[in-house]
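Have a look at the structure below, then the notes.
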There are 2 protein chains.
Amino acid sequence: MSVVLLIEDDEALGGQVVDQLEAAGFEVVWWRTGRLIDAADYRDIALVILDLMLPGVAGLEILKHLRRDSEVPVLVLSARQDSRDKVLALRLGADDYVTKPFWPEELIERVRARLRRFVMERSSQVRLGGLLIDGAKREVSIEGVCLELTRVEMDLLLALAHRLGDPVSRRWLLTNVLDPEKEATERTLDVHVSRLRKKLGDGSVIETVWGIGYRLRKGAE
Amino acid sequence: MSVVLLIEDDEALGGQVVDQLEAAGFEVVWWRTGRLIDAADYRDIALVILDLMLPGVAGLEILKHLRRDSEVPVLVLSARQDSRDKVLALRLGADDYVTKPFWPEELIERVRARLRRFVMERSSQVRLGGLLIDGAKREVSIEGVCLELTRVEMDLLLALAHRLGDPVSRRWLLTNVLDPEKEATERTLDVHVSRLRKKLGDGSVIETVWGIGYRLRKGAE
DNA sequence: CGAAACCTTAAGGAACCCTGAAGGGGCGGC
DNA sequence: GCCGCCCCTTCAGGGTTCCTTAAGGTTTCG
């Protein structure tokens, strides 16, 4: 669920990027050619890195097709300094844009930033009864009173809010909310959930889905 | 009132920078050659980006001339790693210094940072209980009594006042309030915050946002 | 009822932050 | 130039907040 899809035809550059990404702990799938992506394919994909200069299907076509039925973040690579492509790409829904040449480290950093915030990017506000969750400002208030949440608690809540009403697996939370490098224990997650529940009060908005994970109750109040 | 003047003779680099700036929402005027600027010219200019390596009038001359009768922020570009130019430029009144090659994003960030500060210095006053912060005059008074703040302390407070109520990251403060070239330690920032707090008295207007940075408390009193 | 999954509390330890004191550079006065 | 002052920075110690681990209890399911 935390796979990065790289679409890049240049063998040397692609290999380098894959190495860097894997060294940084990401799972990578590398397509040497551009082709349209089916809905079935990107179920497990957390982020797409797309080179615009591809033989065959044009990069922008892929982007457009992707955006038609998915919210997956897309990071666009391009050799053109020209800003027309960039404006076009961003308008078509790209989340970030990197021009070649770039430092691999820079790319990695951007990928990391995207994935960290993947959860909160698109759903800025969620209201549940007296509970207000603001993903953009990273603020949570209950009956208007601001809550003091730690970073992990905040990410956890945002992850659940993003999939409001649907269960989020413990596995996903472990690798995406907790430090992905640390490979933390399941118990750690328990503790964070516990503390978050306590801070959120009796309303018990966070339900346990036995054997799966957790879910934020949509049916309000 | 938010025009950026770019003085840069290199066609490729200049075009790229203009693209980036415009993509970031700035209005740009691009001069390919260095010439002295009249008072009438920079009435609408919010910031100048000046390449030091110019044919014709030397970059430093322009800078000196500019400073003689204007306060407009100047951001200097230069290919020389050499620090003599840098020292000279900063002493002549440059507000920032970027050595080539640079990432366009970096430049944009610095421009944005400068303009934020510029704008804020004009949007004059912020009042917080007995505390009065005047950005234009760079004066801070508490219950009518003027405080003696050093340059760094003042910039720090103004930066926080500008984002009143929202946290400002340590990272941003480090590169924009402290000398951007010095790559100062985090501890340095601690010290400045500490002293500023002491001067501001018990009211503890400056809150620390753990793992993020600092925030000026908006909730009055 | 037993095993597996989950909850809670408490206690380390790591990351982060505060502050007093000392070091060093720039600038004006002599 | 030499000295002193002010300011910025660094150092060192101790403090706080947060994340994780450990351990024992509770719930769920077959």
Side-chain angles (χ1 to χ4, degrees), chain A residues 116 138 140 147-157 159-160 167-215, chain B residues 83-84 86-93 138 140 147-160 167-215:
Chain A
R116 211 173 6 232
R138 292 179 72 84
V140 175
L147 287 187
E148 299 277 337
L149 297 188
T150 71
R151 186 171 46 227
V152 171
E153 288 160 2
M154 180 66 77
D155 286 346
L156 187 54
L157 184 56
L160 295 176
V168 180
S169 77
R170 294 174 72 88
R171 190 83 233 122
W172 192 91
L173 292 172
L174 273 177
T175 59
N176 291 90
V177 169
L178 304 185
D179 199 330
E181 313 293 328
K182 282 269 190 72
E183 290 292 322
T185 322
E186 299 243 333
R187 301 297 125 253
T188 306
L189 185 56
D190 293 351
V191 175
H192 287 296
V193 170
S194 173
R195 277 204 286 257
L196 184 52
R197 276 175 169 153
K198 187 184 283 184
K199 287 187 181 177
L200 290 178
D202 306 322
S204 190
V205 200
I206 300 177
E207 293 178 338
T208 302
V209 183
W210 211 89
I212 305 290
Y214 300 92
R215 164 173 55 198
Chain B
S83 75
R84 253 172 316 173
K86 175 157 61 182
V87 170
L88 209 53
L90 292 177
R91 187 164 304 162
L92 280 174
R138 291 179 72 83
V140 175
L147 288 186
E148 298 280 336
L149 296 188
T150 71
R151 186 190 62 75
V152 171
E153 287 161 2
M154 180 64 77
D155 286 346
L156 188 54
L157 185 57
L158 292 182
L160 294 176
V168 180
S169 76
R170 295 175 75 87
R171 186 88 230 115
W172 192 92
L173 292 172
L174 272 177
T175 58
N176 292 93
V177 169
L178 304 184
D179 198 330
E181 304 302 320
K182 282 267 192 73
E183 292 292 323
T185 320
E186 300 245 330
R187 301 297 127 254
T188 306
L189 184 56
D190 293 352
V191 176
H192 287 297
V193 170
S194 176
R195 278 204 284 259
L196 184 52
R197 275 176 171 153
K198 189 183 282 184
K199 287 186 181 177
L200 290 177
D202 306 321
S204 189
V205 200
I206 300 177
E207 292 177 339
T208 111
V209 184
W210 211 91
I212 305 288
Y214 300 91
R215 165 173 54 198

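The basis for the numbers below is simple: all heavy atoms, side chains too, and nothing from hydrogens, waters or symmetry mates. So you know, we letter chains A, B, ... as the sequences are listed, proteins then strands, and number each from 1.
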(Q) Nearest whole Å is fine: how far is C/dC6 C1' from A/Glu207 CD? (A) 15 Å
Q: Let me know the distance between CG of A/Leu149 and C1' of D/dC18, rounded to the nearest Å.
A: 13 Å
Q) Nearest nucleotide by nearest heavy atom, which residue falls closer to the 5' end of DNA chain D, A/Glu148 or B/Thr188? A) B/Thr188
Q: Could I get the full list of salt bridge (Lys or Arg N to Asp or Glu O under 4.0 Å) partners for B/Arg171, not counting sequence neighbours?
A: none
Q.
Each nucleotide in nucleotides 8-21 of chain C should get exactly one letter: B, S or -. Can you fill that in based on protein heavy atoms under 4.0 Å?
A. BB-----BSBBBB-
Q. Taking atom P of D/dT9 as reference, at what distance in whole Å does atom CG of B/Leu156 sit?
A. 12 Å
Q: Could you check how far CG of A/Leu174 sits from P of D/dT20, rounded to whole Å?
A: 10 Å
Q) Can you tell me how far C1' of D/dT17 sits from CD of A/Glu153, to the nearest Å? A) 11 Å
Q: Answer with base, sugar-phosphate or nothing: what part of the nucleic acid does B/Thr150 contact at a heavy-atom distance below 4.0 Å?
A: sugar-phosphate
(Q) Using side-chain heavy atoms (C-beta onward) and a distance below 4.5 Å, is B/Leu157 in contact with B/Leu200? (A) yes
Q: List in chain and number order the residues that pass side chain to side chain donor-acceptor pair (under 3.5 Å) with A/Arg195, two or more places apart in sequence or in another chain; answer none if no residue qualifies.
A: none
Q: Quickly work out the A/Leu196 CG to C/dC6 P distance and round it to whole Å.
A: 17 Å
Q | Counterpart residues, side chain to side chain contact (heavy atoms under 4.5 Å, CB included), relative to A/Val205 (two or more places apart) | A | A/Leu128, A/Leu131, A/Leu216
**Q.** Set of residues satisfying side chain to side chain donor-acceptor pair (under 3.5 Å) with respect to A/Thr188, sequence neighbours excluded
**A.** none
Q. Taking only residues two or more places apart in sequence, or in another chain, which ones meet A/Arg187 in a side chain to side chain donor-acceptor pair (under 3.5 Å)?
A. A/Asp190
(Q) Using whole Å, what does the distance between atom P of nucleotide D/dC7 and atom CG of B/Leu147 come to? (A) 13 Å
**Q.** Value in whole Å for how far the C1' atom of C/dA5 lies from CG of A/Leu173
**A.** 16 Å
